[in-house]
Amino acid sequence: MRSRISLRLSSTILLVVLLLGYVATPARALKMIVNAQAAGSVTPRCIRNFVSKDSLVVVNVKTNGRKGDGQVLNMSIMDSVGNEYGRPKDVVGESRTAFTAHANAAFDVCFENIQQGSHSYGLNREVDLDIDIGADARDWNAVGQTEKLKPMELELRRIEESVDEIVTQMDYLRQREQRLRDTNESTNDRVKFFALGTLFSLLGLGLWQVAYLRQYFRSKHLI
């Protein structure tokens with residue numbers, strides 16, 4: 001009986017681990033076409049993602065084309081608070097950019113394809129973009145070789161870090177919700193006091209008008 005319970009418990013734990021591994025590994029790969037545009041009128045194409053502070057981010061880019069084919073593909077990475085993490089120029093083939101986030105903020109990966117020459121029309125570049133964040137950005141093969149971990153131990157280690165990141169993001173969202181709730185409560189209190197002040201002001205003004213008109217009519221012997 002105990003062996004059956006232990007077997008069922010082990011199967012349940014393994015199923016939970018596999019589900020966590022599936023949930024904690026989101027797909028961030030994206031393929032798009034960036035058309036070449038004349039210099040001075042280039043509209044960048046951007047992809048936005050959110051990252052927690054001190055998280056490792058690896059941006060992998062793969063493009064077609066070659067240097068000198070009449071177009072120059074530039075890339076820039078910047079977050080919403082103004083931190084810049086890289087500006088690779090004339091990206092061709094495979095490119096890899098790694099950085100550590102300086103703040104809890106969204107960051108944009110933007111591409112600008114600038115046409116070169118007066119006859120370079122109708123050109124474009126195909127871009128394969130893959131963004132790995134946190135545990136997904138680490139080289140787990142190297143970690144396993146360095147720490148001599150078994151495949152299951154390595155997978156559990158990766159899932160543990162992914163879960164820690166989820167917990168950190170949940171704490172950040174909870175703190176943000178708390179700040180927003182405090183702001184809403186403060187705004188509601190200000191609106192309430194402003195409404196009460198306006199009401200008492202109008203009431204006082206009405207009483208003053210009644211008293212003034214009564215005194216005015218008495219001075220004219222109208223009442």
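Here the structure is a predicted model, which means the values were calculated and not measured.
Counting only distance, with no hydrogens or angles, the side chain of K67 and the backbone of D90 share a donor-acceptor pair below 3.5 Å. Within the 3.5 Å criterion, the main-chain N or O of E126 finds a donor-acceptor partner in the side chain of N64. Under the 3.5 Å distance criterion, the side-chain polar atoms of T100 are left unmatched by any main-chain donor or acceptor of S55.
With sequence neighbours excluded, no residue satisfies side-chain hydrogen bond (donor to acceptor under 3.5 Å, both in side chains) with N74. In this view, L199 satisfies the side chain to side chain contact (heavy atoms under 4.5 Å, CB included) rule with no residue, not counting sequence neighbours. Residues that satisfy the side-chain hydrogen bond (donor to acceptor under 3.5 Å, both in side chains) test with D108, not counting sequence neighbours, are R48. Applying the salt bridge (charged side-chain N to carboxylate O under 4.0 Å, His left out) rule to E160 yields no partners; only residues at least two apart in sequence or on another chain are considered. By the side chain to side chain contact (heavy atoms under 4.5 Å, CB included) test, K62 is found to be paired with E94, D128, residues two or more places apart in sequence or in another chain being considered. Scanning for side chain to side chain contact (heavy atoms under 4.5 Å, CB included) contacts around E177 gives R181, with sequence neighbours left out. For N184, there are no side chain to side chain contact (heavy atoms under 4.5 Å, CB included) partners, not counting sequence neighbours. With sequence neighbours left out, D164 forms a salt bridge (charged side-chain N to carboxylate O under 4.0 Å, His left out) with no residue at all.
Across all non-hydrogen atoms, the minimal contact from V58 to A98 is CG2-CB, 4.1 Å. Nearest heavy-atom pair, T43 versus Q37, reported as atom, atom and distance to 0.1 Å: N-OE1, 2.6 Å. Looking at every heavy atom in both residues, T97 comes nearest to P88 through OG1-CG, 4.0 Å. The shortest non-hydrogen separation linking Q71 to R125 is O-NH2, 3.4 Å. Nearest heavy-atom pair, N113 versus N35, reported as atom, atom and distance to 0.1 Å: CB-O, 3.4 Å. Of all the heavy atoms in V42 and A39, the pair that sits closest is CG2-CA, 4.2 Å.
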L73 vs V127, test: side chain to side chain contact (heavy atoms under 4.5 Å, CB included). Steps then yes/no. CA-CA 10 Å; L73 182 67; V127 177; 3.9 Å; yes
Between D69 and L123, is the side chain to side chain contact (heavy atoms under 4.5 Å, CB included) condition met? List the steps. CA-CA 9 Å; D69 60 354; L123 299 177; 5.9 Å; no
Does the side chain to side chain contact (heavy atoms under 4.5 Å, CB included) test come out yes or no for V72 and K89, once each step is laid out? CA-CA 8 Å; V72 175; K89 302 292 185 180; 5.9 Å; no
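Applying the ring pair (Phe, Tyr, Trp, His ring centres under 6.0 Å) rule to pairs touching residues 82-113 yields Y85-F99, Y85-H102, F99-F107, sequence neighbours excluded. Pairs of residues two or more places apart, or lying in two chains, that qualify as disulfide bond (SG atoms under 2.5 Å apart) and include a residue from residues 38-82 are C46-C110. Applying the ring pair (Phe, Tyr, Trp, His ring centres under 6.0 Å) rule to pairs touching residues 40-59 yields F50-Y172, sequence neighbours excluded. Residue pairs that meet the disulfide bond (SG atoms under 2.5 Å apart) test with at least one member in residues 70-107, sequence neighbours left out, do not exist here.
Here the CG-CG distance, from L173 to L180, works out to 10.5 Å after rounding to the nearest 0.5 Å. Atom-to-atom distance recorded for E155:CD and M152:CE is 7.5 Å, nearest 0.5 angstrom. Atom-to-atom distance recorded for N49:CG and I77:CD1 is 11.5 Å, nearest 0.5 angstrom. If you take CG on L207 and CG on L202, they are separated by 11.0 Å, rounding to the nearest 0.5 Å. Atom-to-atom distance recorded for M78:CE and N83:CG is 8.5 Å, nearest 0.5 angstrom.
Q178 and D182 share a donor-acceptor pair across their side chains, judged by distance under 3.5 Å alone.
Environment of NZ in K150: sparse, with no more than 12 heavy atoms of neighbouring residues, nucleotides or ligands closer than 6.0 Å.
A chain of hydrophobic side-chain contacts below 4.5 Å, direct or via other Ile, Leu, Val, Met, Phe, Trp or Tyr residues, connects Y212 to F217. One hydrophobic cluster, built from ILVMFWY side chains closer than 4.5 Å, cannot hold both V92 and I114; they sit in different ones. Under the 4.5 Å side-chain heavy-atom criterion for grouping Ile, Leu, Val, Met, Phe, Trp and Tyr, I47 is not connected to V81 through any hydrophobic cluster.
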